[in-house]
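The next block holds one structure in the form of structure tokens; read it before the comments.
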Amino acid sequence: MNRYLCALLIGLTLSAGAFAAIDTYEFRDETERQRYRTLTEELRCPKCQNQNIADSNSPIAMDLRQEIFRMLEEQKSDEQIVDYLVARYGDFVRYKPPVNAKTLILWYGPFVLLAIGFGTVAMILLRRRRRVDGPTSNTLSEAERERLATLLDNKDP
């Protein structure tokens, strides 16, 4: 039994490397390799959403890495490659989308929500302070004070 278990564990250990996705591309020079790395690290995987194309193992990320390599071989600029991917997948593929009418809520929405939150807290605190500082329902009117004084004076010890 131990022999079979050891054989199974060794087989699983050796086969684990077969599932790793390793891209091997031949670049003309080191600057092209650096451009490839920069592009794949700056662009977001459309499927994984929180990973860049370089780190993702999804099939679409593999296709996008191959597409970027192909475009680099065709001597396209970084802007042309990014524009192609944005046209295909939208501004979502960028980690830093441009400020335009479509992305205003992404850039300024958190600040607006934060301001609304601070405004709400300020209003709640002002209302509580007014309640504490203002007249309370426990205060007596002038007529009630006179009646209380007469009742206290008439009390026999």
Within a radius of less than 6.0 Å around [atom1] of [X], do more than 12 heavy atoms belonging to other residues, nucleotides or ligands occur?
X	atom1	result
Arg70	CZ	yes
Glu74	CD	yes
Leu113	CG	yes
Tyr95	OH	yes

[X] and [Y] ion-paired at < 4.0 Å:
X	Y	result
Asp91	Lys102	no
Glu30	Arg33	yes
Arg37	Glu41	no

- Item | Partner of Arg65 under side chain to side chain contact (heavy atoms under 4.5 Å, CB included), chosen from Leu39, Thr40, Leu43 | Thr40
Look up atom [atom1] in [X] and atom [atom2] in [Y], then write down how far apart they are to the nearest 0.5 Å.
X	Y	atom1	atom2	value
Ser77	Arg35	OG	CZ	7.0 Å
Arg129	Leu125	CZ	CG	7.0 Å
Ile81	Phe69	CD1	CZ	11.5 Å
Met71	Asp78	CE	CG	11.0 Å
Leu64	Ser58	CG	OG	8.0 Å
Thr150	Arg147	OG1	CZ	7.0 Å

- Task: Take Val82 and Glu79, measure what side-chain contact (heavy atoms from CB on, under 4.5 Å) needs, and give me the verdict at the end.
- Result: CA-CA 5 Å; Val82 170; Glu79 289 179 12; 5.9 Å; no
- For the residue pair Leu106 and Pro110, what are the closest heavy atoms and their distance? O-CD, 3.7 Å
- Work out which heavy atom in Glu32 is nearest to a heavy atom in Phe27; give both atom names and the distance. OE2-CD2, 3.6 Å
- Query: Taking only residues two or more places apart in sequence or in another chain, which ones pass side-chain hydrogen bond (donor to acceptor under 3.5 Å, both in side chains) with Tyr84?
  - Reply: Arg88
- Listed once per pair and sorted, the side chain to side chain donor-acceptor pair (under 3.5 Å) pairs that draw on residues 103-119, sequence neighbours left out: Asn100-Thr103
- Side chain Arg44, main chain Ile53, donor-acceptor under 3.5 Å: no
- Query: Quick one: does Gln51's side chain have a donor or acceptor within less than 3.5 Å of a partner on Cys48's backbone?
  - Reply: no
- Message: Are Ile68 and Ile60 linked, directly or through intermediate hydrophobic residues, by side-chain heavy-atom contacts shorter than 4.5 Å (ILVMFWY only)?
- Response: yes
- Task: For the residue pair Cys45 and Asn52, establish whether any side-chain heavy-atom pair is separated by less than 4.5 Å.
- Result: no
- side chain to side chain contact (heavy atoms under 4.5 Å, CB included) filter on Ile116, not counting sequence neighbours, yields Val112, Thr120
